[in-house]
J.: 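This structure is in structure tokens; I'll ask about it shortly.
Numbering of ligands and ligand atoms starts at 1, following listing order.
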Amino acid sequence: MTTALETTSVGPAAYELMERLFPLCRSLTGDGVRATFDALEEHIPITRTEIPSGTEVFDWIVPDEWNIRDAYILGPDGTRVVDYRRSSLHVVSYSEPVRTTLSLDELRERLHTLPDQPDVVPYRTSYYARTWGFCLSHRQLLQLPPGDYEVVIDSTLEPGNLTYAELEIEGTGDAEVLISTYVCHPSLANDNLSGIAVATMLAKRLLARDDLRNTYRFVFGPGTIGPLSWLHQNRDRLDRIQHGLTLSCIGDAGDLTYKRSGREHAEVDQAMEIVLRDSGAPHRILPWEPWGGDERQFCSPGFDLPVGSLMRTPHGEFAGYHTSADGLERIRPESLAGAVDTALRLVDVLESNRRYRNLSPYGEPQLGRRGLYRSAGGAVETPDDERALLWVLNQSDGESSLLDIARRSGLRYPVIRRAAERLENAGLLAG
Ligand code: ZN
């Protein structure tokens, strides 16, 4: 269980990591992703896998690697009117190299703006169709004077590698929990440096434990092609994955939102619903839909892995989504800390949930004789502890799990779990 002290320090640490990562020009591939992994490596011991361009992964092909050193548009007066060094969003991700001079009318065809949000710079990509372009605010576009513009994109787009990183935190059992997040967005904060930071801080907490039953496998890769590459590399061992979670858009001020896995009622779905219920905080539970982030790949019918998605305000629903307005000022350290804490509570449920059998099912066993009622009536106990003992005894038929009992009784999961432990210690339950 996370202590209050840990919760207060994890928010600022996660935020600092986001500040560090924000300027890096991430994309599907390239040195921006590798530099991101360099920064993560200062916190957690990840291992990297490089998949060569041209590799077939299911119905996809790993694209050429993209790297960029500089990009700008020089105005008629020779000043940099659009400058990649000010924000990586200014260049369409995966732009091929270009060095030319264009009239304003010719240039306009290469410029992307948002007329209905005139002050922000949009985020644009062209991963699978070769082109180039720049992004700027619509207000700036309207102010560009006629004349000749020198355009330079100093990039390379050639055979290389796709890079993903993973971290395995080994437990004592056979089951694995997959935690996945994407690393392909450039200077955008909530989508999805927040997911990277929360996953990293969660991993750090789990690395410090030595009592884990499940193995926790963290995967950091570019959206879609990253998880597909990982799934392809691991296709012979996917049956070990018993639970999974994707993390995205999780640092804003919105309430926590959980989207169920494709299975809808997998153990991870039930566990997260109970964790959010127990938190007492407002939250949303969304049904599965094959739309959103990398859960689309994990929950595709060929894999059907039990992978849910934890977010705050889902992508597309928050103002500034995929624009320069998704900056660090939108991020709240306490939102990051709350997300880590929620994930740790999920871990506690996944670690402890199991089915028991009542060994004294003919009438209620005498709890007072075993010291269970007396301690339940003590000053530090609450009546919930007594009720939990009776619920666990009544429902432990070898079929109902502790999660089932927590849901049916309405009692908090930790109270149910503690009751089961006490009953087992008293010889009244068998696991
Ligand atoms: Zn996005």
Side-chain angles (χ1 to χ4, degrees), residues 14 17-18 21-30 32-33 36-37 40 60 63 66 68 87-95 112-114 116-117 120-129 133 135 162-165 179-200 219-230 245-254 256-259 286 289-299 307-331 335-336 339:
L17 177 59
M18 291 180 65
L21 298 176
F22 192 80
L24 301 175
C25 186
R26 277 163 296 276
S27 186
L28 224 49
T29 61
V33 173
T36 298
F37 293 154
L40 298 195
W60 296 65
W66 185 66
I68 182 163
S87 167
S88 59
L89 293 178
H90 280 310
V91 180
V92 173
S93 192
Y94 258 69
S95 282
H112 302 268
T113 69
L114 292 171
D116 55 342
Q117 297 174 70
V120 304
V121 180
Y123 162 52
R124 290 281 182 274
T125 66
S126 184
Y127 297 137
Y128 298 100
C135 302
L162 172 153
T163 317
Y164 67 75
I179 312 276
S180 166
T181 197
Y182 52 99
V183 298
C184 52
H185 286 37
S187 302
L188 299 170
N190 201 32
D191 177 26
N192 185 44
L193 291 181
S194 64
I196 299 172
V198 166
T200 303
V219 176
F220 301 86
T224 306
I225 191 80
L228 285 172
S229 297
W230 182 85
L245 192 66
T246 65
L247 295 168
S248 68
C249 303
I250 199 160
D252 65 309
L256 283 165
T257 301
Y258 177 72
K259 181 177 131 182
L286 303 178
E289 57 173 353
W291 159 252
D294 289 332
E295 68 278 9
R296 294 171 356 233
Q297 312 313 323
F298 298 120
C299 300
V307 177
S309 308
L310 189 63
M311 310 162 263
R312 286 189 182 274
T313 311
H315 65 271
E317 286 188 24
F318 59 89
Y321 168 70
H322 277 190
T323 75
S324 57
D326 183 5
L328 288 167
E329 65 282 357
R330 291 190 169 265
I331 302 302
S335 293
L336 299 167

J.: Rounded to the nearest 10 degrees, what's the angle OD2 of D191 makes with NE2 of H322 at the Zn ion (ligand 1)? Could you check?
T.: 90°

J.: Can you tell me if H315 has an N, O or S atom under 2.8 Å away from the Zn ion (ligand 1)?
T.: no

J.: Taking the six-membered ring for Trp, are H322 and Y123 parallel (under 30°), tilted (30 to 60°) or perpendicular (over 60°)?
T.: perpendicular

J.: Quick one: OG on S180 to CZ on F220, what's the gap to the nearest 0.5 Å?
T.: 9.0 Å

J.: Would a 4.5 Å heavy-atom cut-off, applied to side chains only, mark V91 and C135 as touching?
T.: no

J.: Taking atom CG of L228 and atom OH of Y164, what is their separation to the nearest 0.5 Å?
T.: 11.5 Å

J.: For the Zn ion (ligand 1), find the closest N/O/S atom on H185 and give its atom name.
T.: NE2

